[in-house]
S.K.: 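Below is the structure I would like to discuss, written out as structure tokens.
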Amino acid sequence: MNQDYIRNFCIIAHIDHGKSTLADRIIENTGALTAREMQAQVLDNMDLERERGITIKAQTVRIVYNAKDGHEYIFNLIDTPGHVDFNYEVSRSLAACDGAVLVVDAAQGIEAQTLANVYMAIDNDLEVIPVINKIDLPSAEPDRVIEEIEDVIGLEAQDAPLISAKNGINIDAVLEAIVEKIPAPDGDPDAPLKALIFDSVYDSYKGVIVFIRVRDGKLKAGSQVYMMATKASYNVVEVGYFGAGKFIPCEELQAGMVGYFTASIKNVRDTMVGDTVTEKDRPCEEPLPGYKKVQSMVYCGMYPADGAHYEDLRDALEKLKLNDASLNYEPETSVALGFGFRCGFLGLLHLEIIEERLEREYDLDLVTTAPSVIYKIHKTDGTVLDLTNPTNMPDPSEIEFMEEPVVAAEIMVTSEFIGPIMELCQERRGIYKEIEYIEATRAILRYDLPLNEIIYDFFDALKSRSKGYASLDYELKGYEPSNLVKLDILINREEVDALSFIVHADTAYERGRKMCEKLKEEIPRHLFEIPIQAAIGSKIIARETVKAMRKDVLAKCYGGDITRKKKLLEKQKEGKKRMRQIGNVEIPQKAFMSVLKLDDK
Amino acid sequence: MKELELYLHIPFCRKKCRYCDFVSFAGCEEMTDAYVDAVCREIQTAAGYYHDRKVVSVYIGGGTPSILNCGQIERLMECLMSSFRVTGFRAKRRGLYLQKKSLPEVEISIECNPESITPEKLKLYRRLGINRLSIGLQSTDDNDLKMLGRVHDFHTFAAAFEAARTAGFSNINIDLMQAIPGQTLSAWKKVLFLAGTFHPEHISAYSLMIEEGTVFEQLYQEGRLDLPDEDTEREIYYYTRDFLEKAGYRRYEISNYSLPGYECRHNSGYWTRTDYLGLGLHASSMIDNVRWKNTDDLPKYIAGADIEEREVLSREEQMEEFMFLGLRLTDGVSRKRFFELFKQDLDHTFEGVIPKLRSEGLILSEGDQIRLTDRGLDVSNAVLAEFLLTS
């Protein structure tokens, strides 16, 4: 295959701006797939993704396009995840491309998330083709959006195709622009193999299927490959390319091509995204740039609601881990919740996705503890401890000082909401950096924010205070010293370890008070009074009381209808089963999660 | 000879009360005759199975049974008395005669509403052997009555009560409803005092419950029902107990008070698990540890529909019922009786439950008897749920 007729590209778009729909149209219009074969949205094939309208794992497809110049082109459409939690994965997917189609909603214009990805694409030397979507909306303002693209990103957008992916308007123009504007791959087929891993999935028959972009050289079955970062080596069993929703084996992959290989690899951890694959016997001189070891940013405890399902949870996590190199877990025990796991995630969305998959695909009922970031505890003996579980915090007398992770955040917001959003950032201990007006009515706010202020309910608060108009992007900036304390919650004078968390001393009182209030709402009245207290060390800083139940009686026992009475009692007993017994207090499972959502504005 | 209680359901009312979720219909007078016929048929069929049982009580409930005219109630009672062995009575070719003039062995009750009681009906009830009346008063305050959706006023009740005494009824219950919307403790005191001046033998004082599908439920959902708070409700409840105890009434069940010897035998039977046969629309039965319920579809019932739910009680279910029904009575349950019935030890069966509830001050255990404390009565649902074995 002549490299001149290959185009490797991705689509960049904000959630809901039509990425998956455009991908569908491209696949339909290239004729590689009949309409009947199409799933509603070919690229997103996980249920959850479809429901949430976001792409979690990158899916990639190879299609054939007969261009107006009379040649047949191979398009490799590489899908990218669409959330800040998966920034690194996005950057590696982009690195596998030569160009990107930027989809912008003709009514909404550019969003922070899009902007971040466009900059990332430009950093990766991709040719970016803007496309204006949803031009058939009554609220469409293509001229304004074109101007915005030119002003904000500095991209030539005058001849950007005006399309409607949903209604199939002007898709041809996009296809032709891909052929004309995105450069063909370069690379030396005769040089030593140099290929970028941009994704992998675990298949129970073939082992790990590794998604690669070949930069130099060739790869075929039987080759001995070597991963330069993880230092694993394998014998390639199969190479191939991506049909829509299936893997199609082929002879060899060579420079410029996108495809996969399998090598009976049992562990996705040997094939980390961003790593460089080369030949064992004839390695390339140096790996491709940009590899990073993914690190969990957010930790939380996950416990089966019913202790008897501990083994099931372990098995499910094991299976998910096969496919998700960024998921970490290790067993832990909580006095309140019993046996479970401390799990590490890329971010809160990643956490929620794993939680939902465990509940949905593995039918598990979970109790999740408050998420925590990794704190660095500098102890008086000179050692540094990475703290992921607040319960393990050493005694304050052993602590010299603590550090917390801080992110550089960019919030794009329309001007009317700048005030409320700045207030929010201020409340969350944000340090104002700058404000940049990208046009008269829109600005980017830059703040340094402690990560632990973002992982609770920051997204929700951002959305509710901007009526959904603000969008957020962030990246880890580093660790900074901070005056942190461990806040404990005592229910009926017993400390509930699963509710302990670490908080800045200045906001401890406020957060403690809100947590007590929230728990008061969630904990049903018992036959006795239940004090709920927030404490730092032995000092109580907030208190609420769940009053004792005065009355719970069925005044009238209907004639002979005993069944009805029994049902009522059974319901009462059933309700108790869904609760956690802490001392002699029964706490509903959802109380553990509800304390994470404390912003009430 | 095995005992049996009979319940007859009359699902008709002049008007549906706003709190009521019983199976009853307003404005269906034209169906009453057909309904009485259907019940008579059911009586005769059922008697085929149970005629050798000793009937210990009869309860005609509703709805409003007093809405039936003289001919209808006579037909029902004659059919019943001639089909079952109702101790103390014997059927003659025409009419019924009391064998003993003294206190009857069998309690035969009918529920009445003040507006449909007439001297003629009362006289007939007496002749038919009915020896206990239960009159729905609910409140002595006409504004309350209007708000509850009752048809009568207090004056109508007073006249009806006098007529009942004149007719010779010496065992009368008054139904009262407490903690109704807008009610304060002092308003309730007045209601209770006025009701007390009639010297009924029995008073049922139920706290209002908001039931699904009622007008009150809808108002409640819309936040338009001004219910007394829990503390007021309990104050009203405690006041009722104290006031009536001083007046010589004993609280023998959570919401029931009587002069000594006038406890409602029929209802006590439910709580001590005596077998009972329910006749009529949506009536429930329990015989030999099988529970069932008739259809609640009136046209279907008239056409002769079969029963709808049938449930055979397991041993565990029988044991838990023994507890959660028996503990509604202030005398509580007997360990000895439990052992006689189930041939196993009560404390062992509900392992750990009794010591736990005792330590929480919810039950008292005195020799053979186990009963709820006052606090245990307040939160009886939570206590009784502890005795469920099967879920």
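Keep in mind that the numbers below use all heavy atoms, side chains included, and drop hydrogens, waters and symmetry copies. Proteins come first, then strands; the chains are lettered A, B, ... in the order of their sequence lines, and each starts at number 1.
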S.K.: Does atom OH (Y220(B)) have a neighbourhood of more than 12 heavy atoms from anything else shown, all under 6.0 Å?
M.R.: no

S.K.: Where do V379(B) and K551(A) land on the side-chain contact (heavy atoms from CB on, under 4.5 Å) test, with the steps shown first?
M.R.: CA-CA 5 Å; V379(B) 294; K551(A) 172 206 168 197; 5.8 Å; no

S.K.: Please determine whether a side-chain nitrogen of the Lys or Arg among D21(B) and R564(A) lies less than 4.0 Å from a carboxylate oxygen of the Asp or Glu.
M.R.: yes

S.K.: What's the spacing between M286(B) CE and T563(A) OG1 if we round to 0.5 Å?
M.R.: 10.5 Å

S.K.: So, are R525(A) and E230(B) salt-bridged, with charged N and O less than 4.0 Å apart?
M.R.: yes

S.K.: Got a salt bridge between K566(A) and E317(B), using NZ or NE/NH1/NH2 to carboxylate O under 4.0 Å?
M.R.: yes

S.K.: For N381(B) and K565(A), what are the C-alpha separation, side-chain angles and deciding distance, and is it a side-chain contact (heavy atoms from CB on, under 4.5 Å)?
M.R.: CA-CA 9 Å; N381(B) 288 344; K565(A) 165 136 182 98; 3.9 Å; yes

S.K.: Give, as side chain, backbone, both or neither, the part of L208(B) having an atom under 4.5 angstrom from any heavy atom of chain A.
M.R.: neither

S.K.: Count the heavy atoms belonging to other residues, nucleotides or ligands that lie under 6.0 Å from OH of Y509(A), then report whether that count exceeds 12.
M.R.: no

S.K.: In terms of heavy-atom contacts, does NZ of K463(A) have more than 12 from other residues, nucleotides or ligands at under 6.0 Å?
M.R.: yes

S.K.: Between the side chains of E311(B) and K567(A), is the shortest nitrogen-to-carboxylate-oxygen separation below 4.0 Å, so that they form an ion pair?
M.R.: no

S.K.: Measure the spacing between CG of D552(A) and CG of L384(B) and express it to the nearest 0.5 Å.
M.R.: 9.0 Å

S.K.: Which residues pass the ring pair (Phe, Tyr, Trp, His ring centres under 6.0 Å) test with H526(A), sequence neighbours left out?
M.R.: F528(A)

S.K.: Select one option (side chain, backbone, both, neither) describing which atoms of N256(B) are under 4.5 Å from chain A's heavy atoms.
M.R.: neither

S.K.: Can you establish whether the number of heavy atoms outside R358(B) located under 6.0 Å from its atom CZ is more than 12?
M.R.: no

S.K.: Find the distance between CD1 (I562(A)) and CZ (R291(B)) and round it off to the nearest 0.5 Å.
M.R.: 5.0 Å

S.K.: Got a sec: does the CG of D288(B) have more than 12 other heavy atoms crowding it under 6.0 Å?
M.R.: yes

S.K.: Take atom CZ of F339(A) as the centre, draw a 6.0 Å sphere, and report whether it contains more than 12 heavy atoms from other residues, nucleotides or ligands.
M.R.: no

S.K.: Taking all atoms of both residues into account, what is the closest heavy-atom pair of A548(A) and R375(B), and its distance?
M.R.: CB-NH2, 4.4 Å

S.K.: So, are D378(B) and R550(A) salt-bridged, with charged N and O less than 4.0 Å apart?
M.R.: no

S.K.: Among all residues two or more places apart in sequence or in another chain, which pass the ring pair (Phe, Tyr, Trp, His ring centres under 6.0 Å) test with F417(A)?
M.R.: none

S.K.: State, yes or no, whether a side-chain contact exists between L362(B) and L527(A) at a heavy-atom distance under 4.5 Å.
M.R.: yes

S.K.: Tell me, for E321(B) versus chain A, whether the close heavy atoms (under 4.5 Å) come from the side chain, the backbone, both or neither.
M.R.: side chain

S.K.: Using a cut-off of under 4.5 Å for heavy-atom pairs, which of K293(B), E360(B), Q178(B) has the most such pairs with chain A?
M.R.: K293(B)

